[in-house]
Number of protein chains: 2
Amino acid sequence: MKRADALRNEQALLAAAAAVFVTSGVDAPIRQIAAEAGVGMGTIYRHFPTRAELVVAVYRHQVEACAEAGPVLLASADSALAALRQWVDLFVDFLVTKHGLANVLQSDRVGTSALHTYFLDRLVPICAQLLDAAVSNGQVMPDTGAYELMRGIGNLCAGHDKDPRYEPRRLVELLIRGLERTTGH
Amino acid sequence: MKRADALRNEQALLAAAAAVFVTSGVDAPIRQIAAEAGVGMGTIYRHFPTRAELVVAVYRHQVEACAEAGPVLLASADSALAALRQWVDLFVDFLVTKHGLANVLQSDRVGTSALHTYFLDRLVPICAQLLDAAVSNGQVMPDTGAYELMRGIGNLCAGHDKDPRYEPRRLVELLIRGLERTTGH
DNA sequence: CTACGATACGGAGCATTGTTCCGCTTTGTC
DNA sequence: GACAAAGCGGAACAATGCTCCGTATCGTAG
């Protein structure tokens with residue numbers, strides 16, 4: 001059984017982290033999150049040994065929602081390609097509204113591999129499902145993997161803040177267009 | 001007139017930085033570069049006040065080469081689109097062979113804005129030239145800016161190390177395909 | 001060749017941030 | 001109420017960026 005204070009602190013930490021992430025991004029100093037939650041740093045590390053685990057805990061619901069939207073869109077959209085587009089849009093929304101989240105999708109940063117792993121493990125199969133459907137009915141070329149596509153989208157969404165000249169959505173749309181099997185040509 | 005020791009140190013620093021960048025990436029600790037060059041840290045900061053300036057100095061030649069290749073390719077390639085493709089390939093080569101270089105193209109990192117500015121100021125016009133040519137002869141849709149395209153390519157090349165499942169080149173090719181004006185459809 | 005002013009150098013020192021560790025406090029139970 | 005286990009807090013250490021100033025070196029004028 002878990003102690004009451006431990007539970008309280010865990011909730012406080014999640015709330016504090018969510019708040020701090022909004023204003024300072026997911027790379028905010030641990031001290032800042034601890035201060036916001038009114039706990040010591042040891043407490044943060046006990047509950048969330050790595051930054052990745054904290055981030056995952058904070059955004060778990062939204063990742064789940066995104067994952068669950070996959071099959072729904074596939075059933076409701078006009079075509080598999082349309083479903084893929086709508087789902088990617090959802091994913092991009094998620095990434096661009098969380099400051100700096102997209103950056104951690106890049107695998108080279110140490111200590112974030114758990115995050116990388118969680119997000120991708122959860123979402124790549126969904127993406128693959130949509131992609132496969134679009135390939136099956138001939139709307140999309142078959143030579144791109146879901147993992148690569150997700151990573152690409154994540155990368156395109158990285159570092160878009162503070163630069164109105166760079167709009168990730170346009171490039172993601174370009175990427176999807178590149179996926180399409182062109183009828184002419 | 002510049003003092004002889006200052007000149008010597010500048011050369012030593014450039015050589016040291018180039019060497020360290022290869023093994024530790026462009027984010028290598030300043031101390032490491034100073035040690036490799038056999039100088040103090042003050043000396044590094046005097047010659048290159050920001051990391052960006054050091055990186056620029058180290059890669060200036062290669063950026064120049066890439067920039068100068070633009071018009072040449074445009075003149076020699078079969079079509080404007082082919083020239084754009086070849087040039088982008090050159091750019092991608094440049095990015096993926098320099099550990100972590102692609103990451104600094106992202107504008108959110110503080111202190112690297114000078115780098116961002118230099119690389120982009122130099123290369124965006126070249127890219128625009130190729131892009132415009134391809135638009136003019138109807139091979140490419142006219143609604144994508146050179147700046148956005150360059151940033152997108154840079155982002156796609158970020159964080160590719162250590163993950164054989166992620167091959168930036170394939171995605172960049174997808175992006176270019178997305179640019180194409182499809183004859184059918 | 002020497003002396004001198006300007007220029008450049010080195011690295012100690014401060015600030016920030018990540019991470020660990022251990023003495024102290026709180027909690028649940030008997 | 002006492003006790004052991006679980007949890008807590010923050011001091012302390014390490015890595016790194018960056019600044020600052022006493023000292024060393026350089027170029028030159030006499």
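Chain A is the first sequence line, chain B the second, and so forth, proteins listed ahead of strands; every chain is numbered from 1. Keep in mind that the numbers below use all heavy atoms, side chains included, and drop hydrogens, waters and symmetry copies.
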**Request:** Mind running a 4.0 Å heavy-atom check of residues 13-22 of chain B against DNA chain D and sending the residues that fall below it, in number order?
**Result:** none
**Asked** Is there a donor-acceptor contact under 3.5 Å linking the side chains of A:Tyr118 and A:Arg122?
**Response** no
Just jot down the salt bridge (charged side-chain N to carboxylate O under 4.0 Å, His left out) partners of [X], sequence neighbours excluded, or say none.
{"X": "A:Arg85", "answer": "A:Glu173, A:Glu180"}
{"X": "A:Glu167", "answer": "A:Arg169"}
{"X": "B:Arg31", "answer": "none"}
{"X": "B:Glu36", "answer": "none"}

**Prompt:** Is there a donor-acceptor pair closer than 3.5 Å between any side-chain N or O of A:Thr23 and the backbone N or O of A:Val20?
**Reply:** yes
**Donor-acceptor under 3.5 Å (B:Trp87 side chain, B:Cys66 main chain)** = yes
**Item:** Sub-4.0 Å heavy-atom contacts from residues 29-40 of chain A onto DNA chain C, ordered by number
**Value:** A:Pro29, A:Ile30, A:Arg31
So which protein nitrogen or oxygen atoms get under 3.5 Å of nucleotides 23-25 of chain D's nitrogens or oxygens?
from, atom 1, to, atom 2, distance (Å)
D:dT25, O2, B:Arg3, NH1, 3.1
D:dT25, O2, B:Arg3, NH2, 3.1

Counting only pairs under 3.5 Å, give me each side-chain donor-acceptor contact of residues 5-17 of chain B, with atom names and distances, residues two or more places apart or in other chains.
from, atom 1, to, atom 2, distance (Å)
B:Asp5, OD1, B:Arg3, NE, 3.2
B:Asp5, OD2, B:Arg3, NH2, 2.8
B:Asn9, ND2, B:Asp5, O, 3.4
B:Glu10, OE1, B:Lys2, NZ, 3.3
B:Glu10, OE1, B:His47, ND1, 3.3

**Asked** Can you name the residues that form a side-chain contact (heavy atoms from CB on, under 4.5 Å) with B:Thr144, not counting sequence neighbours?
**Response** A:Leu174, B:Leu149, B:Leu179
Do any side-chain nitrogens or oxygens of [X] fall under 4.0 Å of OP1 or OP2 in [N]?
{"X": "B:Thr43", "N": "C:dA8", "answer": "no"}
{"X": "A:Asn9", "N": "D:dG7", "answer": "no"}
{"X": "A:His47", "N": "D:dG7", "answer": "no"}

Rounded to whole angstrom units, what separation is found between the [atom1] atom of [X] and the [atom2] atom of [N]?
{"X": "A:Tyr45", "N": "C:dT17", "atom1": "OH", "atom2": "P", "answer": "12 Å"}
{"X": "A:Met41", "N": "D:dC13", "atom1": "CE", "atom2": "P", "answer": "14 Å"}
{"X": "B:Ile44", "N": "D:dT16", "atom1": "CD1", "atom2": "C1'", "answer": "13 Å"}
{"X": "A:Arg46", "N": "D:dA5", "atom1": "CZ", "atom2": "C1'", "answer": "13 Å"}

Protein-nucleotides 3-5 of chain C N/O pairs under 3.5 Å:
none

**Asked** What do you reckon, is CG of A:Asp78 surrounded by more than 12 foreign heavy atoms closer than 6.0 Å?
**Response** no
**Item:** Shortest non-hydrogen separation from A:Ala28 to A:Gln32 and the atoms involved
**Value:** CB-OE1, 4.1 Å
**Asked** What closest approach, in Å, do A:Leu156 and B:Asn155 show between heavy atoms, and which atom pair accounts for it?
**Response** O-ND2, 3.7 Å
**Item:** Residue met sooner reading DNA chain D from 5', once A:Glu10 and B:Ala4 are mapped to nucleotides
**Value:** A:Glu10
**Message:** Looking only at the side chain of A:Lys2 (C-beta and beyond, no hydrogens), which of the listed nucleotides D:dG7, C:dC9, D:dC18 gets closest?
**Reply:** D:dG7
**Item:** Per A:Arg51 side chain, nearest of listed nucleotides C:dT19, C:dG18, D:dC8
**Value:** C:dG18
**Message:** Would you say that B:Arg151 contacts B:Leu120 through its side chain, given a criterion of any heavy-atom pair below 4.5 Å between the two side chains?
**Reply:** yes
**Item:** From A:Arg51 atom CZ to A:Tyr45 atom OH, the distance as rounded to the nearest 0.5 Å
**Value:** 7.5 Å
**Request:** Please round to the nearest 0.5 Å and tell me the distance separating atom CE of A:Met150 and atom OH of B:Tyr166.
**Result:** 12.0 Å
Mind listing the N/O atom pairs, protein and nucleotides 28-30 of chain D, below 3.5 Å?
none

Identify all side-chain donor-acceptor contacts of residues 123-138 of chain A below 3.5 Å with residues at least two apart in sequence or on another chain.
from, atom 1, to, atom 2, distance (Å)
A:Ser136, OG, A:Asp132, O, 2.9
A:Asn137, OD1, A:Gln139, N, 3.2
A:Asn137, ND2, A:Gln139, OE1, 3.0

